[in-house]
K.L.:
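One structure follows; several queries about it will come next.
Sequence lines set the chain letters: A, B, ... in the order given, protein chains first and strands last, and positions in each chain run from 1.
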There are 2 protein chains.
Amino acid sequence: MGRAGLTSAKVIAAAVRLADEDPGPLTLKQVAARLGVREPSLYQHVAGLEGLRRGVARHAKRELAAVLTAAAVGRAGDEAVGAMAQALRTWAHAHPGQYRAAERAPAAGDGDDERASAQAVAVVAQVLAGYGLAGDHLVDAVRFLRAALHGFIRLEASGGFGMSRPAGASFEQLVAAATHALRHWPGATP
Amino acid sequence: MGRAGLTSAKVIAAAVRLADEDPGPLTLKQVAARLGVREPSLYQHVAGLEGLRRGVARHAKRELAAVLTAAAVGRAGDEAVGAMAQALRTWAHAHPGQYRAAERAPAAGDGDDERASAQAVAVVAQVLAGYGLAGDHLVDAVRFLRAALHGFIRLEASGGFGMSRPAGASFEQLVAAATHALRHWPGATP
DNA sequence: GCATCTATCCTAACATACTTAGTTTCTAGA
DNA sequence: TCTAGAAACTAAGTATGTTAGGATAGATGC
């Protein structure tokens with residue numbers, strides 16, 4: 001029997017694809033099956049289920065940071081916030097498993113994970129600094145924007161909205177309200 | 001051996017307490033142990049793990065609706081929104097397991113669950129109607145407020161905020177921004 | 001080209017949790 | 001008191017995660 005030629009990256013990549021396709025919980029069994037391998041083989045490349053989840057979370061956060069960065073580059077102010085918001089929601093829809101994985105707090109001591117987490121926040125902070133915000137006001141504004149976007153996406157994903165009105169329309173209104181709030185945030189330059 | 005005298009309500013109550021005390025996933029084993037009973041005994045009162053989760057979710061949503069209602073009664077406008085927001089966050093801190101359980105979409109066909117879910121939303125809608133909102137504008141506003149509050153609480157609970165600044169201060173600022181946005185919402189009475 | 005060695009992947013077995021089947025036993029009501 | 005039914009149990013089956021230890025493909029050194 002030929003070897004499968006696994007690596008840590010391949011195992012995690014398979015898990016990432018699986019997580020995005022299958023709404024259920026991630027299992028080693030499924031990952032092994034997709035790679036044409038038995039479950040114990042995965043332990044050579046990943047520290048069990050917990051390690052696999054960590055790997056998926058790390059990957060997801062890196063991608064999330066990249067998506068936000070790409071949306072913000074070359075834009076500023078309301079336009080940048082709007083582009084980031086739309087990009088985030090679109091990405092969350094396309095990659096539900098990764099989006100959920102990215103919620104995990106970074107594993108203590110995992111520098112890569114912490115860095116990826118920090119970068120996603122940093123992009124948002126950089127954009128909001130363009131409103132003239134700094135210090136505590138900036139922190140509050142970042143938290144506000146993250147909360148609004150994250151909360152909307154979560155509620156939408158978990159079926160928390162009835163079907164009375166398209167979620168996209170409500171999201172646009174939310175972004176409009178958020179940018180308005182940021183322009184009038186304490187400490188913002190008028 | 002004397003009987004434990006279980007009922008569906010007692011089983012779910014034990015599960016609720018357990019969920020709020022233990023951050024890990026809810027297990028039948030723990031619930032059975034707490035009730036001094038073997039796991040199969042629970043099946044007389046609850047439809048397996050899934051049924052237990054449903055029961056916890058139903059209970060949590062009822063309590064959530066009650067908490068929001070209590071906060072809003074006798075108040076209106078910004079004051080009502082602020083009271084609901086504070087009550088929600090306080091309740092979420094005190095009952096993390098129930099808060100997470102309340103996120104579940106109501107089980108299709110479970111009238112009780114659907115009713116409890118709807119009532120929590122209805123209280124918010126009623127308060128926001130006090131801003132003169134109706135129709136799609138009202139739907140958008142409710143979704144905005146729910147998203148902001150829920151997102152903040154989730155990010156806070158999952159350690160998404162660094163420790164640079166107390167979350168409570170950011171939350172007050174979020175509530176201030178949200179009430180401002182509601183006062184200026186499209187269709188709001190000035 | 002051949003021997004050796006190492007990492008990869010495997011089988012086997014165990015641990016934990018959920019679930020079902022079938023039995024015992026307690027309790028309530030005739 | 002006796003009986004019917006429900007409540008709880010034991011035993012067994014299923015699914016997943018995990019560990020132990022062995023076989024082997026493929027690389028490495030001569």
K.L.:
Without decimals, in angstroms, what is the distance between A/L52 CG and D/dG17 P?
P.N.:
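Between P of D/dG17 and CG of A/L52: 9 Å.
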K.L.:
Measure the distance from CD on A/E50 to C1' on D/dG17 and round it to the nearest whole Å.
P.N.:
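Rounded to the whole Å, the gap is 13 Å.
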K.L.:
What is the separation between atom CG on B/L28 and atom C1' on D/dA8, rounded to the nearest whole Å?
P.N.:
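Rounding to the nearest Å, CG of B/L28 and C1' of D/dA8 are 15 Å apart.
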K.L.:
Which listed nucleotide (D/dT16, D/dC9, C/dA17) is nearest to the side chain of A/T27?
P.N.:
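Selected nucleotide: D/dT16.
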K.L.:
Hey, does the side chain of A/H45 come within less than 4.0 Å of C/dC9's phosphate (OP1/OP2), counting only N and O?
P.N.:
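True: A/H45 side-chain N/O within range (under 4.0 Å) of C/dC9 OP1/OP2.
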K.L.:
Do other residues, nucleotides or ligands put more than 12 heavy atoms under 6.0 Å from B/E114 CD?
P.N.:
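Correct, the count exceeds 12.
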K.L.:
Between B/D112 and B/R115, is the closest basic N to carboxylate O distance under 4.0 Å?
P.N.:
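The answer is yes: the pair qualifies as a salt bridge.
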K.L.:
Could you state the CG-P distance from B/L35 to D/dC9, rounded to the nearest angstrom?
P.N.:
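My rounded result for the distance is 10 Å.
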K.L.:
Hey, does the Lys NZ or Arg CZ of B/R89 hover above the aromatic six-ring of B/F171, less than 6.0 Å from the centre and inside 45° of the axis?
P.N.:
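Output yes; distance and angle both within limits.
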K.L.:
Within the pair B/S41 and D/dC9, is there a side-chain N or O less than 4.0 Å away from OP1 or OP2?
P.N.:
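Checking B/S41 against D/dC9: at least one side-chain N or O falls below 4.0 Å of OP1 or OP2.
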K.L.:
Would you kindly give the CG-to-C1' distance between A/L26 and D/dT16, to the nearest whole Å?
P.N.:
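My rounded result for the distance is 13 Å.
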K.L.:
Are any protein N/O atoms closer than 3.5 Å to N/O atoms in nucleotides 20-24 of chain C? If there are, list each pair with its distance.
P.N.:
none

K.L.:
Determine the interplanar angle of the A/H180 and B/H180 rings, folded into 0 to 90°, and report it as parallel if under 30°, tilted if 30 to 60°, perpendicular if over 60°.
P.N.:
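Parallel: the ring planes of A/H180 and B/H180 meet at under 30°.
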K.L.:
What nucleotide among C/dT19, D/dG17, C/dC9 has an atom nearest to a side-chain atom of A/K29?
P.N.:
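Of the candidates, D/dG17 comes closest.
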K.L.:
Output the rounded distance in Å from CD (A/E39) to C1' (D/dA15).
P.N.:
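Distance, rounded to whole Å: 10 Å.
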K.L.:
Might you point out which heavy atoms bring B/A72 and B/V123 nearest each other, and give the distance in Å?
P.N.:
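For B/A72 versus B/V123, the nearest heavy atoms are CB-CG1, 4.2 Å.
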K.L.:
Would you indicate which nucleotide in C/dC9, D/dT18, C/dA17 comes nearest to any side-chain atom of A/L6?
P.N.:
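Nearest nucleotide to the side chain: C/dC9.
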K.L.:
Output the rounded distance in Å from CG (A/L49) to C1' (D/dT16).
P.N.:
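After rounding, the gap between these two atoms is 9 Å.
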K.L.:
Assess whether a salt bridge exists between A/D113 and A/K61, defined as any Lys/Arg side-chain N lying under 4.0 Å from an Asp/Glu carboxylate O.
P.N.:
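A salt bridge is present here (some side-chain N lies under 4.0 Å from a carboxylate O).
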K.L.:
With a cut-off of under 6.0 Å to the ring centre and 45° to the axis, is A/R143 in cation-pi contact with B/F152?
P.N.:
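Checked: cation-pi criterion not met.
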